[in-house]
Amino acid sequence: MKSYIHKLFKNIFPNRKDGISLRDIFIIVFTLFIMTSSIVISYISYIYNHKSAHEMAKQLMNEVSRNVYEHIDSYLSPLRNIVSINHLLVKQGKLDIHDNRQLKRHLWGQINMFPLIESIIVANKTEFYAYRRDILGVSASVGSMNWLELKSTHKYQRRDYLVNEKGDEVKLIAKLPYNPSESPWYIQAQASKRQLWSPIFAWKLSSQLGLLAVSPIYNGLNQLQGVLASGVPLANLNVHLKNLPFSQMGTIFIIETNGKIVASSTENQPLTAQKGESSTRLKITEIQEPTIHFTATQLLKKFGNLQAIQNEQQFNIKNKQEYFVRVTPYRDAYNLNWLIVTVAPKSVFMKSFYESLYKIIILSILAILLAIVLGSVLTRWLTQPLISFNSSVKQMTTGYFERLSVISPVREIRELSQSFNNMIKRLFQSFEELQSMNKQLIKAEEILANYNKELEKRVSERTIALQQEIKERKKTEEFLRKTDLELRKANSMLQNLSRIDTLTQVANRRMFDEHLEREWRRSKREKQPLTIMMIDVDHFKKYNDHYGHQAGDKCLQHIAQAIKQVVNRPMDLVARYGGEEFVVILANTNTEGAVELAKKIQNRIQKINIMHEKSDYKTITLSIGIASVLPGLSTRSDSLLAQADKALYQAKHNGRNCYEVYHFNLVS
């Protein structure tokens with residue numbers, strides 16, 4: 001370090017053969033200190049502000065994505081609820097879909113209760129009944145109500161009526177050929193056999209998109225009786241996105257994982273008009289708005305396809321300028337799979353940062369100039385007495401000595417002058433004392449040499465004894481180490497035997513109870529979902545009776561190992577719950593993830609192909625019950641276990657060799 005500083009000063013003053021003056025050193029050091037401090041402060045400010053700008057962008061885009069997510073959920077939930085309620089009422093016999101008067105009264109009350117819903121529909125192969133809100137003003141005025149009716153006697157000719165404030169028909173406005181069983185939403189509901197969302201469609205004579213929640217109705221003989229549906233326009237999503245303050249600085253759009261646009265905060269329409277009365281939906285790569293088009297291109301380039309985006313993603317893209325991009329998946333249990341994309345230019349967040357950095361640089365330059373001026377004045381005042389002191393010392397080196405008299409306002413310099421005078425006085429006295437001490441030192445060295453020889457002899461003897469003692473101690477330590485290792489192994493084997501099921505070599509009931517309580521507390525603390533799968537071997541008693549208990553034990557062993565091969569994360573646990581029942585604890589796993597694992601487990605059992613002549617499927621099959629929860633203060637782990645058991649019971653009730661998920665409808 002010293003040589004580096006010396007070289008630095010030598011490079012600054014290359015022609016100063018007599019060295020550098022103290023005054024110059026003070027000025028340079030003082031200026032370098034201020035300059036270094038300014039540079040460090042500017043750099044730290046740059047790093048901090050740059051990081052703050054990124055963090056602010058991340059938080060803002062996260063807020064916007066959460067706002068859009070919650071708005072979509074609140075906008076679509078009435079459709080799901082209406083279809084679920086109507087399905088439950090039909091199933092309980094409280095709503096007769098063939099009673100025209102009761103059906104009209106019921107649907108009229110529901111559509112007036114939810115002003116954003118476009119239609120509520122009940123249909124079968126030959127009949128169609130619906131109240132529809134005219135959102136386009138085609139039949140009368142925007143917001144007017146229509147009653148759509150197709151009876152079996154109408155020969156597939158639907159009649160549309162304008163209704164009054166009580167829901168009664170006042171005017172026939174159209175007769176249209178219509179077969180409900182050929183509608184895409186009807187066909188999809190019939191094929192799926194459960195409640196779900198229809199494909200997004202475009203209304204005729206408009207550029208607006210619509211969405212239907214549909215649910216099939218089956219009787220006790222598993223025969224299709226009809227389809228319930230409820231629709232809503234998606235144009236309101238565009239309005240919500242445009243009204244968000246974020247839209248003034250960035251772009252928000254919603255897309256399906258097939259690449260088709262759902263809504264956006266821009267003026268671009270999600271449809272392109274075709275000849276006739278139909279319109280075609282646009283993909284994001286076909287949108288002409290530059291930001292959406294470029295973002296879509298980068299998404300496909302980064303992920304290959306949109307189905308690969310399973311979790312929230314945030315990254316940067318660059319096209320003339322840099323953009324922040326955040327992608328948030330929106331999914332539900334009814335096959336809806338959308339992506340919420342927010343895009344904002346980086347310059348919006350960095351503007352204030354660059355202004356602040358410019359001010360810091362200006363202030364740093366002013367501070368350096370001020371440091372040079374103040375350093376020159378201060379060092380001149382401090383070094384003037386030292387120059388006088390240096391002149392007096394030079395005279396002393398030539399043999400001329402007299403008392404130094406340095407006048408300085410600095411106390412340390414005055415004290416230095418006085419100390420120097422006392423030092424010269426005592427220097428001559430010390431020289432004589434030093435000669436006397438030198439003689440005594442020679443004698444002491446002889447005594448010390450003799451003592452060292454004796455000490456070396458004693459140390460050698462003691463070293464031999466210590467080496468022997470160390471050998472004995474090492475033998476003892478090695479014996480103790482081996483004994484401790486054997487005890488640890490034995491203790492570990494005992495612990496494993498107390499927690500492992502001896503037949504299947506998976507966790508036993510005791511280990512399951514401990515692991516469940518531990519994961520319950522951790523999930524509650526980290527606010528993460530916890531899932532339990534109850535698994536039962538179908539008709540296992542018949543298998544034991546037919547093939548024998550030894551074959552039954554081998555069957556359980558194969559099943560346990562097959563489940564462990566699928567459930568292989570360290571945080572998860574597979575345990576034998578009792579008899580032919582197994583239970584799986586899945587940490588940080590929601591219902592969708594558990595369903596995927598259930599499918600994999602059943603596929604693995606099918607591949608094993610254990611013959612079972614007494615089963616309807618002729619092979620060993622599994623019934624699986626699934627329950628997921630986000631642990632809270634008012635819930636307990638045993639309630640989650642009970643929910644999984646109820647789902648397992650429902651799976652058995654549904655014919656076995658299947659899985660069921662615990663939810664409200666299952667309980668009812």
Strictly by modelled atom types, are [X] and [Y] linked by a side-chain donor-acceptor pair under 3.5 Å?
X: Asp332; Y: Trp197; value: yes
X: Tyr330; Y: Asp73; value: yes
X: Glu127; Y: Asn124; value: yes
X: Gln110; Y: His106; value: yes

Worksheet item: Looking at the rings of Tyr131 and Trp108, which for Trp means the six-membered one, are their centres under 6.0 Å apart?
Response: yes
Worksheet entry | Side chain His71, main chain His240, donor-acceptor under 3.5 Å | no
Discussion item. So does Glu70 get a backbone contact from the side chain of Ser74, meaning a donor-acceptor N/O pair under 3.5 Å?
Written reply: yes
[X] [atom1] to [Y] [atom2] distance, which is reported to the nearest 0.5 Å:
X: Lys242; Y: Ser247; atom1: NZ; atom2: OG; answer: 9.5 Å
X: Gln528; Y: Leu530; atom1: CD; atom2: CG; answer: 10.5 Å
X: Ile120; Y: Asn86; atom1: CD1; atom2: CG; answer: 7.0 Å

Worksheet item: Is the NZ or CZ atom of Lys302 both under 6.0 Å from the centre of the six-membered ring of Phe315 and within 45° of that ring's axis?
Response: yes
For a quick test of your reading: what N or O donor-acceptor pairs under 3.5 Å do the side chains of residues 590-600 make, sequence neighbours left out?
| residue | atom | partner | partner atom | Å |
| --- | --- | --- | --- | --- |
| Asn590 | OD1 | Glu592 | N | 3.4 |
| Asn590 | OD1 | Gly593 | N | 3.0 |
| Thr591 | OG1 | Ser628 | OG | 3.3 |

Worksheet entry | Pairs satisfying salt bridge (Lys or Arg N to Asp or Glu O under 4.0 Å), at least one member in residues 244-260, at least two apart | Glu256-Arg281
Response to the item:
Sorted by chain and number, sequence neighbours left out, side chain to side chain donor-acceptor pair (under 3.5 Å) with Tyr75 holds for Asn236
Worksheet item: Considering residues at least two apart in sequence or located in another chain, which fulfil the salt bridge (Lys or Arg N to Asp or Glu O under 4.0 Å) criterion with Glu526?
Response: Arg522
Practice prompt. Just jot down the side chain to side chain contact (heavy atoms under 4.5 Å, CB included) partners of Met571, sequence neighbours excluded, or say none.
Written response: Arg569, Ala587, Asn588
Cut-off 3.5 Å, no hydrogens considered: what does the side-chain donor-acceptor table look like for residues 169-176, sequence neighbours left out?
| residue | atom | partner | partner atom | Å |
| --- | --- | --- | --- | --- |
| Glu169 | OE1 | Lys104 | NZ | 2.9 |
| Glu169 | OE2 | Lys104 | NZ | 2.9 |

